[in-house]
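Quick caveat: nothing in here was measured; it's all calculated off a predicted structure. Side-chain atoms are counted along with the backbone in the values below, which use heavy atoms only and exclude waters and symmetry mates.
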Amino acid sequence: MLSRLKRSARARRARAKISRTWQILRRKCNRGYCSICERQVYFAIEGPYLRNDYKCVNCQSIPRWRALMFVVAELYPKWRELKIHESSPGGPLSAKLARECPKYLPTHFFADTPRGQIHKGFRCEDLMAQTFENESFDLVITSDVFEHLPDVALAVREIMRTLKPGGAHIFTVPWVRWKKTLVRALVKDGVLQHLEKPDYHGNPIDGSGSLVFTEWGVELPFLLQDWGKFPVIIHTIRDRSLGIDGQFPEVFVQQKPY
């Protein structure tokens with residue numbers, strides 16, 4: 001009797017596994033290596049916009065997070081031992097950094113909280129006017145943040161100030177490289193002005209989203225180098241064996257020399 005029950009349980013598990021595999025295959029999947037899971041997984045295409053809809057079935061990461069983690073691991077293989085600041089964290093990449101890097105420090109900007117104080121479990125920091133000391137971090141990571149800042153020049157200078165020699169800002173941002181930069185909104189004399197119809201992206205701490213101030217175009221790498229005073233290297237990855245494909249695949253790296 002016990003043996004029959006065990007066989008029945010194994011059969012149910014096998015049928016469930018076959019069912020899950022079939023569901024995966026029906027969702028236009030491929031097998032590959034996820035840099036966040038650090039193992040072989042299935043990647044599923046769940047919609048037409050691959051940048052958000054090409055997901056790791058295991059951790060639910062999207063391509064820009066996997067690309068960013070891949071570049072971090074390639075350039076800084078001992079990243080777990082480094083001091084890392086991530087501005088505006090959210091999703092599986094941030095969870096991995098928090099879980100595996102003891103010196104990881106995530107920050108969000110809360111308009112009603114003094115900079116440097118803890119609010120809702122996060123340190124409040126304005127990326128354009130940080131309270132950190134000079135040369136505080138080995139790495140600074142931002143994932144699709146620069147389109148939401150009213151003054152990116154200030155943010156780049158602040159990031160370079162807070163990086164240690166040899167450290168780097170590694171980040172993603174939608175880069176419409178075949179067009180000129182479009183300023184959609186700006187802040188002048190403390191007043192928000194819309195120059196185009198307001199556009200909002202998802203925000204991990206605000207359900208109403210984040211306003212897009214700038215759609216970055218062809219000028220972006222040159223502006224970054226001018227603002228940060230250090231070269232910018234752009235990694236463009238399209239490799240479905242890594243689960244990286246879709247729109248705006250670039251990962252930017254601005255390293256501070258030793």
Side-chain angles (χ1 to χ4, degrees), residues 33-38 51 59 61-108 125 127-128 130 132 134-149 152-175 177 204 216 220-239 242-244 246-258:
Y33 179 83
C34 175
S35 60
I36 294 177
C37 297
E38 295 192 71
R51 195 169 193 261
C59 72
S61 62
I62 56 178
R64 62 182 166 92
W65 294 334
R66 295 191 288 269
L68 208 160
M69 188 68 244
F70 181 82
V71 172
V72 167
E74 285 287 303
L75 298 181
Y76 294 87
K78 295 184 178 181
W79 60 268
R80 291 175 178 85
E81 302 173 11
L82 302 180
K83 192 171 183 181
I84 299 176
H85 171 210
E86 183 180 16
S87 175
S88 307
L93 168 64
S94 301
K96 178 182 180 67
L97 295 173
R99 186 172 58 247
E100 300 182 24
C101 179
K103 298 178 183 177
Y104 169 73
L105 178 57
T107 66
H108 280 291
E125 288 291 343
L127 203 57
M128 300 176 294
Q130 301 176 51
F132 298 116
N134 294 348
E135 301 182 2
S136 292
F137 301 104
D138 299 292
L139 293 179
V140 174
I141 292 174
T142 60
S143 177
D144 283 23
V145 172
F146 272 9
E147 69 268 38
H148 302 296
L149 299 178
V152 171
L154 286 178
V156 171
R157 292 173 188 136
E158 278 289 271
I159 289 169
M160 291 298 112
R161 178 185 68 78
T162 63
L163 279 172
K164 298 177 183 179
H169 178 208
I170 303 179
F171 64 101
T172 62
V173 64
W175 181 34
R177 63 186 185 279
W216 294 105
L220 179 59
F222 307 100
L223 292 172
L224 290 170
Q225 184 161 330
D226 182 51
W227 295 329
K229 307 304 178 187
F230 304 121
V232 178
I233 296 175
I234 303 169
H235 298 256
T236 302
I237 307 170
R238 292 189 187 276
D239 186 346
L242 296 172
I244 302 173
Q247 301 81 358
F248 312 123
E250 296 84 7
V251 178
F252 295 77
V253 179
Q254 190 161 24
Q255 186 177 40
K256 187 173 184 176
Y258 288 96

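Looking at Trp79 and Cys101, their side chains come closer than 4.5 Å, going by heavy atoms from C-beta outward. In this structure the side chain of Val156 never reaches within 4.5 angstrom of the side chain of Met128, judged on heavy atoms. By the 4.5 Å heavy-atom criterion applied to side chains, Arg177 and Glu250 are counted as neighbours. A 4.5 Å side-chain heavy-atom check between His108 and Ser88 finds at least one atom pair inside the cut-off. Residues Tyr76 and Leu139 have side chains in contact (heavy-atom distance under 4.5 Å, counting atoms from C-beta outward).
Aromatic pair His169/Phe146: ring centres closer than 6.0 Å.
For the 3.5 Å distance criterion, the side chains of Ser136 and His85 fail to qualify, holding no donor opposite an acceptor. Arg66 and Ser61 are linked by a side-chain donor-acceptor pair at a separation below 3.5 angstrom, with hydrogens and angles left out of the test. A side-chain donor from one of Ser94 and Glu86 sits under 3.5 Å from a side-chain acceptor of the other.
Formation of a donor-acceptor pair under 3.5 Å by the Lys256 side chain with backbone atoms of Leu163 is found in this model. For the pair Ser35 (side chain) and Met69 (backbone), a donor-acceptor distance under 3.5 Å is absent. Using a distance-only test at 3.5 Å, with no hydrogens or angles considered, a donor-acceptor pair links the side chain of Gln130 to the main chain of Leu127. Arg64 places no side-chain N or O within 3.5 Å of a backbone atom of Arg51 that could act as its donor or acceptor partner. At least one donor-acceptor pair closer than 3.5 Å links the side chain of Arg238 to the backbone N or O of Gly246.
Evaluation of the salt bridge (charged side-chain N to carboxylate O under 4.0 Å, His left out) rule for Glu125 yields Arg123 as partners, not counting sequence neighbours. Residues meeting the salt bridge (charged side-chain N to carboxylate O under 4.0 Å, His left out) test with Lys96, sequence neighbours left out: Glu38, Glu100.
A side-chain contact (heavy atoms from CB on, under 4.5 Å) with Val173 holds for exactly one of Leu220, Leu224, Val145, Val251; it is Leu220. Each of Lys83, Arg80, Lys164 was checked for a salt bridge (charged side-chain N to carboxylate O under 4.0 Å, His left out) with Asp138, and the lone residue meeting it is Lys164.
Between Ala168 and Val253 the shortest heavy-atom distance is CB-CG1, 4.1 Å. Considering all non-hydrogen atoms of both residues, Ile234 and Pro221 come closest at CD1-CG, 3.8 Å. In plain terms, the two heavy atoms of Pro89 and Tyr104 that are nearest each other are CB-OH, 3.5 Å. Annotation for Cys59 and Cys34: closest pair SG-SG, 3.9 Å, computed over non-hydrogen atoms. Considering every non-hydrogen atom in both Trp65 and Gly90, the closest pair reads CZ2-O, 3.7 Å. Between Ser143 and Leu68, the closest heavy-atom pair is CB-CD1, 4.1 Å.
Summarising the local packing, CD1 of Ile233 is surrounded by 12 or fewer heavy atoms from other residues, nucleotides or ligands at distances under 6.0 Å.
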Practice prompt. Assess whether side-chain contact (heavy atoms from CB on, under 4.5 Å) is satisfied between Leu223 and Val152, documenting all intermediate values.
Written response: CA-CA 10 Å; Leu223 292 172; Val152 171; over 6 Å; no

Practice prompt. Give the intermediate values and the outcome of side-chain contact (heavy atoms from CB on, under 4.5 Å) for residues Ser87 and Val140.
Written response: CA-CA 8 Å; Ser87 175; Val140 174; 5.8 Å; no

Item to complete: Using the side-chain contact (heavy atoms from CB on, under 4.5 Å) rule, take Phe230 and Met160 through it: C-alpha gap first, then chi angles, then the decisive distance, then the call.
Response: CA-CA 9 Å; Phe230 304 121; Met160 291 298 112; 3.5 Å; yes

Practice prompt. Dump the intermediate steps for side-chain contact (heavy atoms from CB on, under 4.5 Å) on Phe70 and Asp239, then the final yes or no.
Written response: CA-CA 12 Å; Phe70 181 82; Asp239 186 346; over 6 Å; no

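In this structure, CG on Leu105 lies 11.5 Å from CG on Leu97, to the nearest 0.5 angstrom. Summarising the geometry, atom CG belonging to Asp144 is positioned 4.0 Å from atom OG1 belonging to Thr172; distances are rounded to the nearest 0.5 Å. Between the CD1 atom of Ile237 and the CD atom of Glu74 there is a distance of 8.0 Å, given to the nearest 0.5 Å. Interatomic distance, Phe137 CZ to Lys103 NZ, rounded to the nearest 0.5 Å: 12.0 Å. Of the inter-residue distances, the one linking Trp227 atom CH2 with Ile159 atom CD1 reads 11.5 Å to the nearest 0.5 angstrom. If you take CZ on Phe252 and CZ on Phe171, they are separated by 5.5 Å, rounding to the nearest 0.5 Å.
Here Glu158 pairs with Arg161 in a salt bridge; the nearest charged N to carboxylate O distance falls below 4.0 Å.
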